[in-house]
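Numbers for residues simply follow the sequence, beginning at 1.
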Amino acid sequence: MLGLPYNHTMETPDTFFLVGIPGLQPSHLWLPISLSAMYTVALLGNTLIVTVIWLDSTLQEPMYYFLCVLSAVDIIMASSVVPKMVSIFCSGDSSISFNACFTQMFFVHAATAVETGLLLAMAFDRYVAICKPLHYKRMLTPHVVLGMSVAIIIRAIIFMTPLSWMVSHLPFCDSNLVLHSYCEHIAVAKLACGNPMPSSLYSLIGSSIIVGSDMAFIGASYKLILQAAFSLSSKNARLKALSTCGSHMGVLALYYLPGMASIYAAWLGQDMVPLHTQVLLADLYLIIPPTLNPIIYGLKTKQIWERTQGLLMRCLSDHSNLGL
């Protein structure tokens, strides 16, 4: 139906229906269990990170502030898609209204754009901390950190607003069956009678510029970080400098590798990548980083691990005292 002419009698559908993962319907029994478990871990872990950083005055540093915002974005990103996915797989409730579909699309893709910006900000934070430690507090003041966060959010909104507008204003045919488990913009655009190529090109070029530039700056930051670390005379100092970046590098790999694979798999189409593989990549891209990020930062960052243990011990102690 793509590219066919359309007339004025065609009406915008009130409701879309999400298929889930095409071709893997027999696997839908274990999928909601896995997704629910990962979503629970993501909610608890990221909420705990936000709470610990918010309540502990000793963690009021730029690195922890960015981590707090990252955890909040992870909660938004996972919550935008996982509850509906579980509903599709468990109860078969696959309907989603037109407005809700495009609202979900906006929040999902805007959250991913914010996340890549935060990862860049955290790489810059590590660069300043290791390469220019004497200037750290002067360069990364609270106003600078707030300005960076606002700029990251504005960039995501500026990128996503035209894309959402282009897709939502396409003329749709009589098919309203979205071959995906959430309102991913390419899957929705394929239902249009009009030409979806402009929005698809905008998405590919825009995401490539945002992600590509962020990755380039992150790579440059870590090149300078590694040079500075290996120039230190003390082995313990080198290990300490590298260990402060270990958790961040793990999160970078979790985010960018499946993310880029998902983007280009969707662009290549079914002839190159099976549809169920495309959908699975997109789903895992949205749920795995939010699930593992708090675990990685909680285990690798000594201060967060110690504060988290202290908070949990206080909560358990208060609970046991109330029970007496």
Side-chain angles (χ1 to χ4, degrees), residues 66 69-81 96 98-124 144-170 178 180 182-192 194-221 251-252 254-268 278-279 281-290 293:
F66 288 132
V69 179
L70 179 69
S71 295
V73 173
D74 279 342
I75 292 173
I76 293 172
M77 188 162 65
S79 299
S80 297
V81 294
I96 183 169
F98 182 88
N99 290 332
C101 182
F102 286 98
T103 300
Q104 183 190 61
M105 181 188 299
F106 181 89
F107 276 102
V108 168
H109 295 298
T112 59
V114 170
E115 184 139 342
T116 181
L118 287 171
L119 293 176
L120 172 59
M122 295 169 80
F124 178 70
V144 170
V145 171
L146 179 61
M148 292 171 66
S149 302
V150 171
I152 289 167
I153 294 171
I154 291 175
R155 184 185 70 165
I157 293 173
I158 290 174
F159 166 65
M160 269 309 300
T161 300
L163 180 61
S164 298
W165 186 90
M166 283 190 287
V167 180
S168 64
H169 283 75
L170 285 170
V178 181
H180 214 290
Y182 66 92
C183 287
E184 196 270 338
H185 73 274
I186 293 179
V188 175
K190 286 179 179 178
L191 302 179
N195 183 11
M197 188 58 69
S199 63
S200 298
L201 276 176
Y202 174 86
S203 171
L204 180 68
I205 294 171
S207 58
S208 296
I209 290 173
I210 289 176
V211 174
S213 60
D214 287 352
M215 289 181 66
F217 285 118
I218 289 171
S221 297
V251 170
L252 287 172
L254 277 176
Y255 179 79
Y256 284 117
L257 293 180
M260 296 303 293
S262 173
I263 291 171
Y264 289 105
W267 177 257
L268 290 172
Q278 295 180 37
V279 177
L281 280 172
D283 291 348
L284 294 176
Y285 167 56
L286 295 179
I287 188 60
I288 288 181
N293 284 354

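For the atom pair SG of Cys183 and CZ of Phe107, the computed distance is 14.0 Å after rounding to the nearest 0.5 Å. Here the CE atom belonging to Met148 is positioned 4.0 Å from the CZ atom belonging to Phe66, to the nearest 0.5 angstrom. In this structure, NZ in Lys190 is found 14.0 Å from CG in Leu170, a value given to the nearest 0.5 Å. The distance from atom CG of Asn99 to atom CD of Gln104, rounded to the nearest 0.5 Å, is 13.0 Å. Annotation: the span from Ser164 atom OG to His109 atom NE2 amounts to 8.0 Å, rounded to 0.5 Å.
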> So Met77 and Asp74, side chain to side chain contact (heavy atoms under 4.5 Å, CB included) or not? Walk me through it.
Replying inline: CA-CA 5 Å; Met77 188 162 65; Asp74 279 342; 3.8 Å; yes

>> With side chain to side chain contact (heavy atoms under 4.5 Å, CB included) as the criterion, how do His185 and Ser199 come out once you've worked through the C-alpha distance, each side chain's angles and the decisive distance to 0.1 Å?
In response: CA-CA 9 Å; His185 73 274; Ser199 63; 5.6 Å; no

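Between the Ser79 side chain and the Ile76 main chain, no donor and acceptor come within less than 3.5 Å of each other.
Side-chain contact check for Met160 versus Leu163: some heavy-atom pair is nearer than 4.5 Å. Residues Thr112 and Leu286 are in side-chain contact: their nearest non-hydrogen atoms beyond the backbone lie under 4.5 Å apart. Inter-residue side-chain proximity for Glu115 and Asn293 is flagged as met; some heavy-atom pair is nearer than 4.5 Å. Taking 4.5 Å as the limit, every side-chain heavy atom of Val81 sits out of range of all side-chain heavy atoms of Asp283.
Listed here is the closest heavy atom pair of Ser168 and Phe98: O-CZ, 3.6 Å. What you find for Ile218 and Ala123 is that their closest heavy atoms are CG1-CB, 4.0 Å. For the pair Cys101 and Val188, the tightest heavy-atom approach, listed with the atom from each and the gap, is SG-CG2, 4.0 Å. Closest approach of Val69 to Leu118, counting heavy atoms only: CG1-CD1, 3.8 Å. Between Ala113 and Ala156, the shortest heavy-atom contact is CB-CB, 3.7 Å. In terms of heavy atoms, Asp214 sits closest to Gly117 at OD2-N, 3.7 Å.
Using bins of under 30°, 30° to 60° and over 60° for the plane-to-plane angle, the ring pair Tyr182/His180 lands in the perpendicular bin.
Taking the ring centroids of Phe106 and Phe102, they lie at or beyond the 6.0 Å cut-off.
Residues satisfying the ring pair (Phe, Tyr, Trp, His ring centres under 6.0 Å) criterion with Tyr202, sequence neighbours excluded, are Phe159.
With Ile154 as the partner, the side-chain contact (heavy atoms from CB on, under 4.5 Å) test is satisfied by one option alone out of Ile152, Ile157, Val150: Val150.
Side chain to side chain, Thr116 and Tyr256 meet the donor-acceptor criterion of an N or O pair below 3.5 Å.
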